[in-house]
Trainee: 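If you scroll down you'll find the structure; I have some questions about it.
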Amino acid sequence: MFSNSVKYAIKAVLYLGVNSTGNQRIRANNISEATDIPMAYTSKLLQELSRHHVVSSAKGPHGGFYLTDENRNTPLFKIVSIIDGENRLTSCILSLEKCNEDYPCPLHDMVGKTKSSFISSIQETTVGQLIEDVQRGTSFLPL
């Protein structure tokens, strides 16, 4: 359901959340290496996320990326919207242009409620909640 770009963005943000602070910033090349995301891709994603205030950054010799408390309050839905656009999650699963409640595709009723529930979950779940799960050991992120 997520594109590779969204998966990479979420991995990078979670890596920052677990490993950075305002004083300990992490450079894109270190994030790339740790997350196994190509360097150019990592830089592009982090720049886009920084532009939309999902991650914070500082330039200079002690620069890099990090998360603030405000960044940690970002809903996952915002990351998906920034990277792929909202249409990726709300469009027809068969990519039919006119699929809707009144004119459903063959899979519409089968996936509609599940998709709606998933969208609600990522709208309500913040980056900080996922970071806390990783730090508590209730979820696993091999970084």
Side-chain angles (χ1 to χ4, degrees), residues 1-101 104-105 107-143:
M1 196 164 234
F2 287 147
S3 69
N4 281 338
S5 296
V6 168
K7 292 175 196 177
Y8 288 162
I10 291 172
K11 278 175 60 175
V13 169
L14 294 179
Y15 180 82
L16 283 172
V18 171
N19 296 289
S20 73
T21 64
N23 296 329
Q24 172 144 3
R25 299 170 186 126
I26 303 175
R27 295 192 174 280
N29 63 325
N30 297 111
I31 297 166
S32 168
E33 187 177 303
T35 58
D36 200 28
I37 302 169
M39 176 57 195
Y41 217 162
T42 302
S43 293
K44 179 183 171 192
L45 290 171
L46 289 171
Q47 287 171 8
E48 188 69 16
L49 294 173
S50 180
R51 247 191 313 279
H52 288 88
H53 309 290
V54 174
V55 300
S56 295
S57 64
K59 294 181 180 181
H62 300 289
F65 295 92
Y66 62 99
L67 296 185
T68 64
D69 289 340
E70 183 181 331
N71 299 143
R72 289 171 184 266
N73 287 326
T74 301
L76 290 178
F77 188 80
K78 183 174 182 178
I79 296 172
V80 175
S81 296
I82 291 166
I83 303 301
D84 279 349
E86 289 182 29
N87 193 38
R88 171 83 179 205
L89 290 176
T90 58
S91 64
C92 172
I93 194 151
L94 294 179
S95 300
L96 301 178
E97 220 174 284
K98 295 184 180 186
C99 175
N100 58 43
E101 292 294 322
C105 76
L107 298 177
H108 187 87
D109 291 334
M110 191 182 315
V111 298
K113 289 178 185 169
T114 303
K115 189 162 62 167
S116 294
S117 176
F118 178 71
I119 291 169
S120 290
S121 291
I122 65 172
Q123 286 172 330
E124 296 168 7
T125 302
T126 66
V127 167
Q129 290 170 307
L130 295 182
I131 292 165
E132 289 172 11
D133 287 347
V134 171
Q135 291 172 329
R136 275 194 310 265
T138 55
S139 67
F140 179 69
L141 189 64
L143 304 176

Trainee: Find the distance between CD1 (I83) and CG (N4) and round it off to the nearest 0.5 Å.
Mentor: 12.5 Å
Trainee: Return yes if some donor-acceptor pair links the side-chain N/O of S32 with the main-chain N/O of A28 below 3.5 Å, else return no.
Mentor: no
Trainee: Please examine the side chains of V80 and F2, heavy atoms only from C-beta on, and report whether any two atoms are closer than 4.5 Å.
Mentor: yes
Trainee: Of the non-hydrogen atoms in S81 and E86, which two are nearest, and what is the gap between them?
Mentor: OG-CG, 3.2 Å
Trainee: Could you report the tightest heavy-atom contact between L16 and F65, atom names first, then the distance?
Mentor: CD2-O, 3.4 Å
Trainee: Please report the closest heavy-atom contact between Q24 and Y66, naming both atoms and the distance.
Mentor: O-CB, 4.4 Å
Trainee: Name the one of C105, P104, S91 that satisfies side-chain contact (heavy atoms from CB on, under 4.5 Å) with L96?
Mentor: C105
Trainee: Can you measure from OG1 (T42) to CD (Q47) and round to the nearest 0.5 angstrom?
Mentor: 11.0 Å
Trainee: Heavy-atom count check: over 12 atoms from other residues, nucleotides or ligands less than 6.0 Å from I119 CD1?
Mentor: yes
Trainee: Would you confirm whether K78, through its side chain, and H52, through its main-chain N or O, come within 3.5 Å as a donor-acceptor pair?
Mentor: yes
Trainee: Locate the shortest heavy-atom distance separating T126 from Q129; write the atom from each residue and the value.
Mentor: N-OE1, 2.6 Å
Trainee: Please report the closest heavy-atom contact between H108 and E101, naming both atoms and the distance.
Mentor: NE2-OE2, 3.2 Å
Trainee: Answer whether the closest heavy-atom distance between the side chains of S43 and M39 falls below 4.5 Å.
Mentor: yes
Trainee: Between CG of L130 and CG of L14, what distance do you get to the nearest 0.5 Å?
Mentor: 5.5 Å
Trainee: Looking just at side-chain N and O atoms, do N71 and T74 make a donor-acceptor pair shorter than 3.5 Å?
Mentor: no
Trainee: Mind checking the CD1-OG spacing from I122 to S117? Nearest 0.5 Å is all I need.
Mentor: 10.5 Å
Trainee: Do you know the tightest heavy-atom contact between L67 and V13?
Mentor: CD1-O, 3.6 Å
Trainee: Hey, are the side chains of Y15 and I26 touching, using non-hydrogen atoms and a 4.5 Å cut-off?
Mentor: yes
